[in-house]
Amino acid sequence: MIPIVTAEEMYAIDREVAERIGISADSLMENAGQALFWALKKRIPPAAKVAVLAGTGNNGGDGFVIARMLKSYGYETDVWLVPPKEKVKGAARTALEVYERSGYAWIAYEGKERELAALLPHYDIIIDALLGIGVKGDVRPPYKEIIEQVNRSPAVVYAIDVPSGVPADGGEAGMAVRADATLTVQCPKLGAYTFPAADYYGELTVVDIGIPPAAVQAKAAARFLWEKSDVVRTMPKRTRSSHKGTYGKLLIVGGSKAMAGAVTLAAKAALRSGAGLVTIAVPEAMYEAVANRVPEAMCRLWPAEGGAFAGAADWDGLEIDAIAVGPGMGRTEGVRRLVNELVRQPVPLVIDADALFFWGDYAELVRERSAPTVITPHPGEMARLLRRPVSEVERDRFGASKRLAMEYGVYVVLKGPYTIVTAPDGAQYVNATGNPALAKGGSGDVLTGIVAAFLLQHEAVQPAVSNAVFVHGKAADWLVQHGHSSWDVLASDVVDALPAVLTSLT
Ligand SMILES: NC(=O)C1=CN([C@@H]2O[C@H](COP(=O)(O)OP(=O)(O)OC[C@H]3O[C@@H](n4cnc5c(N)ncnc54)[C@H](O)[C@@H]3O)[C@@H](O)[C@H]2O)[C@@H](O)CC1
Ligand SMILES: [K+]
């Protein structure tokens, strides 16, 4: 799990490292520049013509350490310092002076503006060390003009820490570097996972500069990238002595005449994800539509009214270990009553799609539940739950998820690129698998099935949910790597790709 931080947390970590642990700011910058250089060296061909663009702050300081190493290793490198030298202070000043004493020259941008503009299109590589996490507001001249020219240049652009001009914590970027790749220092910043900021990053690489984990833990909120190694570590093993009961009895409640496929997709996904026994409960009017679609699942017909649930459940002889409710069930009065009843059941519960529509009715009941509750809203549904505009949710996905999870004691899965799983204690886990192939009806139903199945098989809820989100995204990634485009993938293809993904995780 790689910690993800805000700019404020990163500064607090730096202070902790300098003041309590005793690694000076100068040493830290030297370590950072060295580590960044080795990461760049793997990517820069020996004959490349390189430009390092350095700004006023410590981001520019990183640039000078990198530039010194590039020169020492024989790379043809021009180093442009944007501000007048006297403006460079602290650790960045040290890095600049060490560079000079190593016998290397730099070019002052002031007075040579036209020269840089003429040269930028001719570099093979541009290293963007203009502005880091200290950027405030819209980028001012002369950075604005330089960034414009960088973005027009055909060179490969590597951004140091963050693409210059992009707010570290996310949000609108005015003028900002559009990097081919970003090498971020020690911890990715929130903006790397928040759109539109994330669009500027290109491929993200985290470069460890040797900050002790204790310093990060002391100063950063519990917010992590959930990676493949975390999935492999936490996926439950299936034992030889197991039987179908070991893996749980899942009830999936959903469907209406207008939306027959959702519930069968969820059921198939749950079975493919290892659920022991799956029963689907659908309005009785839907028998034709679901019968034998998933022969491995059992089917319950509950009272219907106008093609949707009438509101009554039938628990007769039904044994269940978890419930998933929502896929394709519509938003009728009957559905409202039924969802209210399901929330009262003392088993783990996944609430999705139309069942979330009635959140206002049963949110207080959810707060009192003793079994875990997982809700899986997309940003539009999330906005409704919070009674806020969607744009506000999109700007602050981390904050919005955390408020909801902590207020109601639920696990929140805020869907979208970089789905965030938030636990009731506020800890957050970001998923980086998935691609635009998932932007299609049915994707959410598949996810609900996987989440519910994993809940039944994992000891702890958060790994179950995060693993489900990871696997769901990975299945879509597998498809586009194996003959599919991101246009053609169907939700049922995602289910069919689960075997390939699951075998790669054990
Ligand atoms: N000890 C540390 O603090 C470390 C910092 N590191 C690097 O230092 C960076 C942070 O350093 P700083 O805090 O100096 O921040 P920056 O390097 O982002 O520089 C901030 C400076 O840029 C200028 N600026 C701010 N907003 C601007 C705008 N809108 N338009 C034009 N100019 C603007 C101001 O002069 C400001 O002082 C990180 O991103 C990382 O690259 C790394 O070296 C690791 C260690
Ligand atoms: K930068």
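Only this structure's heavy atoms are used, side chains among them; waters, hydrogens and symmetry mates stay out. Numbering of ligands and ligand atoms starts at 1, following listing order. Please read these numbers as outputs of a predicted model, since none were measured by experiment.
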**Q** Of all the non-hydrogen atoms in the protein, which one sits nearest to atom 26 (N) of ligand 1, and at what distance?
**A**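 Heavy-atom neighbour on the protein nearest atom 26 (N) of ligand 1: Lys136 N, 2.9 Å.
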
**Q** Please walk me through it: do Val421 and Trp226 pass side-chain contact (heavy atoms from CB on, under 4.5 Å)?
**A** CA-CA 9 Å; Val421 174; Trp226 189 257; over 6 Å; no

**Q** Is atom 37 (O) of ligand 1 close to the protein, meaning a heavy atom under 4.0 Å from it?
**A** no

**Q** By atom name, which N, O or S atom belonging to Asp128 lies closest to the K ion (ligand 2)?
**A**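 Atom name returned: O.
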
**Q** Tell me whether the rings of Tyr109 and Trp80 are parallel (<30°), tilted (30 to 60°) or perpendicular (>60°).
**A**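 Ring orientation, 0 to 90° scale: perpendicular.
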
**Q** Looking at residues at least two apart in the chain, or sitting in another chain, which of them share a salt bridge (Lys or Arg N to Asp or Glu O under 4.0 Å) with Arg369?
**A** none

**Q** Do any of the N, O or S atoms of Ser164 sit under 3.4 Å from the K ion (ligand 2)?
**A** yes

**Q** Of all the atoms in Val162, is at least one N, O or S atom closer to the K ion (ligand 2) than 3.4 Å?
**A**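 Of the N, O and S atoms in Val162, at least one lies under 3.4 Å from the K ion (ligand 2), which means yes.
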
**Q** The K ion (ligand 2) to Ile160: any N/O/S contact under 3.4 Å?
**A**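 Looking at Ile160, which is the residue asked about, there is an N, O or S atom under 3.4 Å from the K ion (ligand 2).
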
**Q** Specify side chain, backbone, both or neither for Asn59, according to which of its non-hydrogen atoms lie closer than 4.0 Å to ligand 1.
**A** both

**Q** Return a yes/no value for Asp161: is any of its N or O atoms, backbone included, closer than 3.5 angstrom to an N or O of ligand 1?
**A** yes

**Q** What is the nearest protein non-hydrogen atom to atom 4 (C) of ligand 1, stated with its residue, atom name and distance?
**A** Asp14 OD2, 3.5 Å

**Q** Hey, is the K ion (ligand 2) within less than 3.4 Å of some N/O/S atom on Leu131?
**A** yes

**Q** Under 3.5 Å between any N/O of Ile160 and any N/O of ligand 1: does that happen in this structure?
**A** no

**Q** Verify the neighbour count for atom CZ of Arg388: are there more than 12 heavy atoms of other residues, nucleotides or ligands below 6.0 Å?
**A** no

**Q** Can you tell me which portion of Leu131 lies within the under-4.0 Å heavy-atom range of ligand 1? Options are side chain, backbone, both, or neither.
**A** both

**Q** Identify, with sequence neighbours excluded, every residue that meets salt bridge (Lys or Arg N to Asp or Glu O under 4.0 Å) alongside Asp199.
**A** none

**Q** Look at atom 12 (P) of ligand 1 and say which protein heavy atom is nearest, naming residue and atom and giving the distance to 0.1 Å.
**A** Tyr11 OH, 3.6 Å

**Q** Of the listed options (Gly61, Ala129, Ala32), which comes nearest to atom 44 (C) of ligand 1 when hydrogens are ignored and any heavy atom counts?
**A**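 Among Gly61, Ala129, Ala32, the closest heavy atom to atom 44 (C) of ligand 1 comes from Ala32.
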
**Q** I need the nearest protein heavy-atom contact for atom 33 (C) of ligand 1: residue, atom name and distance, please.
**A** Arg140 NH2, 3.4 Å

**Q** Less than 3.5 Å between some nitrogen or oxygen of Ile133 and one of ligand 1, yes or no?
**A**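 Among all N and O atoms of Ile133, at least one is under 3.5 Å from an N or O of ligand 1.
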
**Q** Scan Val390, Thr376, Val412 and name whichever one has a side chain to side chain contact (heavy atoms under 4.5 Å, CB included) with Met382.
**A** Val412

**Q** Closest by any non-hydrogen atom to atom 8 (O) of ligand 1: pick that one out of Asn58, Val17, Asp138.
**A**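 Considering heavy atoms of Asn58, Val17, Asp138, the nearest to atom 8 (O) of ligand 1 sits in Asn58.
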
**Q** Check this for me - ligand 1, Gly132, N or O atoms closer than 3.5 angstrom, yes or no?
**A** yes

**Q** Could you check whether any heavy atom of Gly137 sits closer than 4.0 Å to an atom of ligand 1, since that is the contact criterion I want to use?
**A** yes

**Q** Among protein heavy atoms, which lies nearest atom 6 (N) of ligand 1, and at what distance?
**A** Asp62 OD2, 3.8 Å

